[in-house]
Amino acid sequence: METLIEVKGLSKSFGALRAVSDISLSVTRGEVLGFLGPNGAGKSTTMKMITGFLAPSAGQVAIAGHDIEQAPLAAKAKLGYVPEGAPAYGEMTPAAFLDFIADVRGLPRATRAARIAEVVAKIHLEKVLHQRIETLSKGFKRRVGLAQAILHDPEILVMDEPTDGLDPNQKHEVRTLIKEMAPHKAIVISTHILEEVDAVCTRAIIINQGRIIFSGTPLELAERSRYHNAVTVIVPVAARERALALLAPLLAGHAVEQQDVGGDCRLTLLGGEAPLSVERLQGALRDGGCELRGVFVEHGHLDEVFRTLTREASASGEVHRT
Amino acid sequence: MNGFTTILKRELRAYFATPVAYVFIVIFLVLAGVATFYMGGFYERGQADLEPFFQFHPWLYMFLIPAISMRLWSEERKAGTLELLLTLPIPLAASVVGKFLAAWIFTAVALAGTLPLWLTVNYLGDPDNTVILAGYLGSLLMAGGFLAIGACISALTRNQVIAFVISFVICFAFNLSGFPMVIDMFSAWAPQAVVDVISSFSFLTHFNAIVKGVIDVRDLVFFASLIAFWLYANVLAIEMNKSN
């Protein structure tokens with residue numbers, strides 16, 4: 001697949017503060033790259049350099065083959081960008097704003113109105129088209145920002161926290177939109193919502209203190225979890241001891257975590273030498289006459305992996321400094 | 001320069017989309033009228049000219065122009081639209097010039113609102129209309145100079161009040177740079193050549209020369225190069241101060 005974003009050795013310092021250090025990555029057409037990291041990790045700064053807002057202290061960015069510093073206009077023409085908070089001119093209406101963007105993007109007169117109408121319909125802006133942007137709700141403002149970015153149907157789309165502050169329905173809509181566009185574009189989104197990575201991204205990068213500490217598919221990320229392939233068995237609280245006794249012969253070095261939720265006891269079996277067979281666990285409990293209220297295989301807790309990775313990195317970072 | 005006209009159009013529309021334009025134009029016209037008729041003694045002088053009108057322009061512009069220019073870049077910074085603007089395929093210089101020119105056209109519209117005064121003086125007497133035309137030209141050039149200063153200062157801060165106050169002080173200094181209060185600050189220690197240069201920056205001197213109907217190329221070059229200098233500084237102010 002053709003590489004549309006190529007970032008090499010990107011660094012940015014603000015005075016003595018090193019916000020981004022030596023980040024390299026590439027995104028091909030059809031990929032959706034999720035940028036993860038704690039607040040202040042350098043996600044936004046990296047995106048600002050990729051989109052040509054900030055000049056890097058070191059390193060290069062190529063957008064569809066155009067160097068963002070050497071040929072900024074050619075690179076920016078290929079790019080759609082939703083900056084953090086989706087800023088737009090408050091005194092304009094979405095209709096006027098999109099017309100302005102169409103003008104900037106050089107959309108041909110003949111097809112301009114049709115293209116704007118198409119994007120407006122896709123993003124559901126019809127109702128607020130002639131209201132001033134500053135009077136719109138957060139969700140609509142975000143949509144205006146999104147409409148602006150995709151108006152010229154860019155090959156490359158960069159979005160800084162596109163779903164931040166949206167309600168669950170709106171989040172779902174934005175994610176659906178991203179998935180629809182994904183096959184034809186290279187997309188980078190930053191987020192600190194981990195479910196989003198699972199929902200839309202084909203690849204995830206975790207940044208901490210300006211460095212990449214993980215790069216892989218969402219599945220690979222989940223595999224790092226202690227809970228990857230763990231099995232959770234739900235039994236009544238009263239049957240806890242009995243269930244533990246029945247399950248014990250099947251375990252091989254597995255740890256058992258217990259959590260009571262209402263009248264249910266959740267027994268999570270994790271670690272161990274080999275993955276457990278759900279059928280055998282169910283069989284053992286059934287044969288022993290223990291009531292089974294549910295059983296499922298965990299595929300991994302992304303937030304736990306995220307916490308572990310970013311904390312580990314911070315701790316080792318502190319060691320390096322001393 | 002496709003981006004330039006796009007920015008120019010957007011900015012011009014922005015003035016008239018908010019009450020700012022109307023408030024400014026009304027205040028400008030009222031103040032200009034008050035100054036002309038009461039302080040300038042338009043009727044009492046018994047002369048058919050617009051000198052009492054033009055002589056107050058440097059002082060009106062000194063605080064009215066920063067009121068226009070303060071929002072040019074501060075607002076973009078504060079609203080976050082600066083990031084949007086600078087990641088669109090428009091050269092920065094086109095945005096800087098486009099915004100400046102839109103503001104300048106806007107002040108020209110406000111100035112055009114004083115044309116009834118010109119009609120009045122023609123009705124009452126027989127003025128030298130070329131001198132009046134020169135007055136309008138001088139006034140417009142001076143407004144451009146103040147606007148370029150204000151735009152550059154606005155690029156340095158996200159706070160419009162700070163942009164206003166600093167622009168006001170600089171405009172004031174440029175007005176007075178031929179006067180003792182500014183000259184005395186330098187004459188004690190700076191060589192005479194420097195003092196001469198500073199006093200030659202006086203907007204008042206250049207403006208008064210044009211208003212008298214003497215259009216000297218040097219006065220035109222003064223305002224043109226001053227505008228160019230501050231616009232260039234405006235570009236640098238944004239380039240160097242983006243992340244703020």
Side-chain angles (χ1 to χ4, degrees), chain A residues 12-15 17 19 44-45 47-57 63 66 68 71-93 96-97 99-107 132-134 141 144-145 148-149 151-152 154 156 158 160, chain B residues 1-24 68 71-99 102-103 106 155 158 160 235-244:
Chain A
K12 180 77 187 172
S13 305
F14 297 107
L17 178 78
S44 287
T45 307
M47 293 187 132
K48 283 173 184 173
M49 287 191 281
I50 291 176
T51 54
F53 177 59
L54 291 181
S57 307
I63 298 294
H66 303 286
I68 194 81
L73 297 184
K76 287 170 183 175
K78 296 276 182 190
L79 199 76
Y81 178 37
V82 185
E84 198 173 355
Y89 293 104
E91 83 282 350
M92 297 178 104
T93 63
F97 181 62
D99 202 49
F100 162 68
I101 296 293
D103 219 11
V104 172
R105 295 293 186 183
L107 259 57
R132 289 151 69 105
I133 293 172
E134 62 196 359
K141 276 185 191 161
V144 171
Q148 162 275 120
L151 191 61
H152 58 303
I156 296 148
V158 179
D160 199 348
Chain B
M1 286 279 267
N2 181 40
F4 162 73
T5 46
T6 309
I7 296 290
L8 178 70
K9 271 192 289 179
R10 199 208 77 74
E11 287 285 322
L12 267 180
R13 274 202 205 114
Y15 283 107
F16 294 97
T18 59
V20 175
Y22 305 101
V23 170
F24 177 86
I68 296 183
R71 53 162 284 283
L72 283 179
W73 293 99
S74 302
E75 198 172 73
E76 297 261 1
R77 220 183 257 288
K78 187 151 197 181
T81 45
L82 185 65
E83 192 170 344
L84 177 75
L85 183 64
L86 297 189
T87 50
L88 289 173
I90 304 174
L92 178 54
S95 297
V96 167
V97 178
K99 272 172 172 286
F106 173 68
R158 56 166 51 215
Q160 295 196 26
V235 171
L236 292 185
I238 300 214
E239 283 280 3
M240 292 160 69
N241 209 12
K242 278 181 196 166
S243 54
N244 204 335

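Throughout, a chain's letter reflects where its sequence line sits, starting with A, and its residues are numbered from 1.
- Here the OH atom belonging to A/Y89 is positioned 7.0 Å from the CD atom belonging to B/E11, to the nearest 0.5 angstrom.
- Residues B/K242 and A/G52 come closest through the heavy atom pair NZ-O, 4.4 Å.
- Atoms CD1 and OG1, from A/I50 and B/T87 in turn, are 12.5 Å apart once rounded to the nearest 0.5 Å.
- For B/E76, the part lying under 4.5 angstrom from a heavy atom of chain A is the side chain only.
- Scanning all heavy atoms of the two residues, the minimum distance from B/T18 to A/R132 falls at CG2-NH2, 4.2 Å.
- Looking at B/K9 and A/D103, a side-chain N of the basic residue comes within less than 4.0 Å of a carboxylate O on the acidic one, giving a salt bridge.
- Considering all non-hydrogen atoms of both residues, A/E91 and B/A14 come closest at OE2-CB, 3.2 Å.
- The distance from the CE atom of A/M92 to the CZ atom of B/R10 is 5.0 Å, given to the nearest 0.5 Å.
- Heavy atoms of B/A79 lying under 4.5 Å from chain A belong exclusively to its backbone.
- Proximity to chain B is absent for every atom of A/I68, based on heavy atoms less than 4.5 angstrom apart.
- Under a 3.5 Å cut-off, the side chain of B/R13 and the backbone N or O of A/A96 do not form any donor-acceptor pair.
- To the nearest 0.5 angstrom, B/L88 atom CG is 11.5 Å from A/Y81 atom OH.
- When side chains are defined from C-beta on, A/F100 counts as touching B/I7, because their heavy atoms get closer than 4.5 Å.
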